[in-house]
Number of protein chains: 2
Amino acid sequence: MAHDNETEIYRAIKQAIIEQKLRPNVQLVEEVIAESFGVSRTPVRNVVRRLANEKLVVIIPYRGAFVACPTVVEAKEVFEMRRVIEAAAVRNVCRTLTDAQYRELKRLLAEEHEAQHRGDKLGAIQVTGDFHLRLAEFSGNSYYSRYLEELLSLTYVIMALYGEQRMKCCQDHEHILDAIRERDSAEAERLMEEHLRELEGTLDFKEAEDSPRSLADIFKNERLVSARK
Amino acid sequence: MAHDNETEIYRAIKQAIIEQKLRPNVQLVEEVIAESFGVSRTPVRNVVRRLANEKLVVIIPYRGAFVACPTVVEAKEVFEMRRVIEAAAVRNVCRTLTDAQYRELKRLLAEEHEAQHRGDKLGAIQVTGDFHLRLAEFSGNSYYSRYLEELLSLTYVIMALYGEQRMKCCQDHEHILDAIRERDSAEAERLMEEHLRELEGTLDFKEAEDSPRSLADIFKNERLVSARK
DNA sequence: AGATACAAGATTGGATACAATCCCGAGCGC
DNA sequence: GCGCTCGGGATTGTATCCAATCTTGTATCT
């Protein structure tokens with residue numbers, strides 16, 4: 001597979017969702033995507049279905065595929081799962097981290113710091129995600145990275161929906177990496193969970209509690225408003 | 001979606017793999033499956049791709065789809081992941097178990113006991129899986145059940161490959177359920193991890209260490225055999 | 001005026017036809 | 001006899017075509 005068409009389309013759509021070029025609830029019309037990539041609908045369909053499996057888009061039969069719009073409950077599920085998986089992953093990494101891996105993680109933190117310094121929020125978020133993902137990859141169990149990749153994509157969408165844009169977790173990451181370096185798995189795990197809890201804590205679920213999730217919800221609210229008048 | 005064709009095909013293939021009617025490394029020829037279901041290749045392709053995402057089959061481009069044949073390393077990854085996920089799930093269940101849920105789990109244990117008593121190994125294994133899956137569903141976080149369903153299917157294949165056929169975990173399950181009933185989350189978690197470790201321990205990785213993993217390996221062995229003659 | 005029935009447009013879902021790729025064996029040259 | 005090349009058969013991958021379904025706009029009836 002020299003350079004796979006489907007993979008290319010997959011990455012492009014996923015990236016567009018992550019970068020918020022494709023906002024939640026936006027419809028992904030197969031033919032439009034197909035034309036813009038110069039292929040037929042078939043591979044696009046495959047990619048969309050794959051994204052649906054990862055819960056990044058929602059398919060409504062005979063209606064279309066829409067960028068997912070996670071509810072507050074779903075968002076909390078994602079973060080809980082991340083805590084479970086990443087805590088276990090970081091425990092593993094404490095046992096196995098090599099010097100080369102440490103340097104790479106250190107490099108990512110530097111990148112993150114730099115991106116944050118020059119105000120590149122999108123870049124900072126991406127690098128942050130890469131840090132977590134790389135950590136999971138270093139855990140020596142492919143499932144950690146497989147599942148985390150899915151959860152990370154959803155995290156991006158969730159942060160776009162409910163998040164403040166300022167991130168201040170650079171310190172957290174350094175502390176985690178230090179603990180790993182010291183082989184202190186209990187502390188590393190604790191820091192990781194705390195870090196993810198903080199990240200979840202920066203989200204504003206209150207205000208967006210009744211953010212329109214589906215069109216039906218929008219109509220429901222409309223009716224209530226006019227009934228009250 | 002009254003009764004979805006694709007879901008039906010998906011369940012059938014998955015069930016066949018679980019029941020070992022489709023053994024590891026067997027090729028899933030799209031047209032054959034399509035004909036036996038009276039549909040075209042299109043929905044079959046979708047199902048096969050989905051199974052590939054779940055690592056239950058492996059797709060080799062322009063060659064075909066084959067029932068997965070997990071290596072020893074992959075098998076250990078699956079069990080490690082199950083420990084992480086199910087430990088967390090059972091912790092949650094300790095906080096939220098209702099009477100109705102308890103009765104259902106109790107009923108599953110009775111079914112398991114009965115199936116084991118009449119020597120229905122396949123049925124016992126299935127019910128055992130249902131117990132674990134139901135537990136995950138009761139955890140209140142859909143990701144536990146989503147991921148566990150995937151890991152369970154792979155567990156079936158792994159046990160078919162490396163497993164002794166006798167299972168003796170009925171007691172384990174009852175102890176776990178008791179601990180949950182007592183709201184003793186630490187104990188329940190410990191028992192669950194121990195149970196999964198025991199299950200992994202019954203597998204015989206040594207003997208099957210060099211079991212053929214891919215078709216290429218099979219062919220390689222064939223050649224060696226004929227070369228030896 | 002409001003509601004309902006119907007038709008047109010748009011989009012997806014599935015079937016079919018064709019192209020691309022791989023495996024394998026026969027034939028050829030050395 | 002051995003290796004290489006080329007062609008046949010099988011299977012997957014992609015494009016295209018038609019059917020099924022949903023949405024929306026319009027006309028008609030009350």
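Chain letters run A, B, ... following the sequence lines, proteins first, then strands; residues in each count from 1.
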Whole Å only: how far is the [atom1] atom of [X] from the [atom2] atom of [N]?
X     : N      : atom1 : atom2 : result
A:N5  : C:dA19 : CG    : P     : 18 Å
B:Q27 : D:dA10 : CD    : P     : 13 Å
A:I60 : C:dG13 : CD1   : P     : 11 Å
A:R49 : C:dT11 : CZ    : P     : 19 Å
B:N46 : D:dG13 : CG    : C1'   : 13 Å
B:I59 : D:dT14 : CD1   : P     : 11 Å
B:R45 : D:dT14 : CZ    : C1'   : 9 Å
A:F66 : C:dT12 : CZ    : C1'   : 11 Å

Nucleotide of [options] approaching [X] most closely (side-chain heavy atoms):
X     : options                : result
A:Y62 : C:dT16, D:dT21, C:dC22 : D:dT21
A:T42 : D:dT12, C:dA15, D:dT16 : D:dT16
A:E30 : C:dG13, D:dT14, C:dG14 : C:dG13

Assign each of B:L28 and A:P43 to its nearest nucleotide of DNA chain D by heavy atoms, then name whichever residue's nucleotide is nearer the 5' end. B:L28
Does [X] put a side-chain nitrogen or oxygen below 4.0 Å from OP1 or OP2 of [N]?
X     : N      : answer
B:R63 : C:dC23 : yes
A:R41 : D:dA15 : no
A:S40 : D:dA15 : yes

Using only heavy-atom distances, determine whether the side chains of [X] and [Y] contain a donor-acceptor pair under 3.5 Å.
X     : Y      : result
A:E80 : B:N92  : yes
B:E19 : B:Q15  : yes
A:E77 : B:S142 : yes

Less than 4.5 Å apart, side chain to side chain, heavy atoms only: is that true for A:Q101 and A:L97? yes
How far apart are the closest heavy atoms of A:A75 and A:I158, and which atoms are they? CA-CD1, 3.5 Å
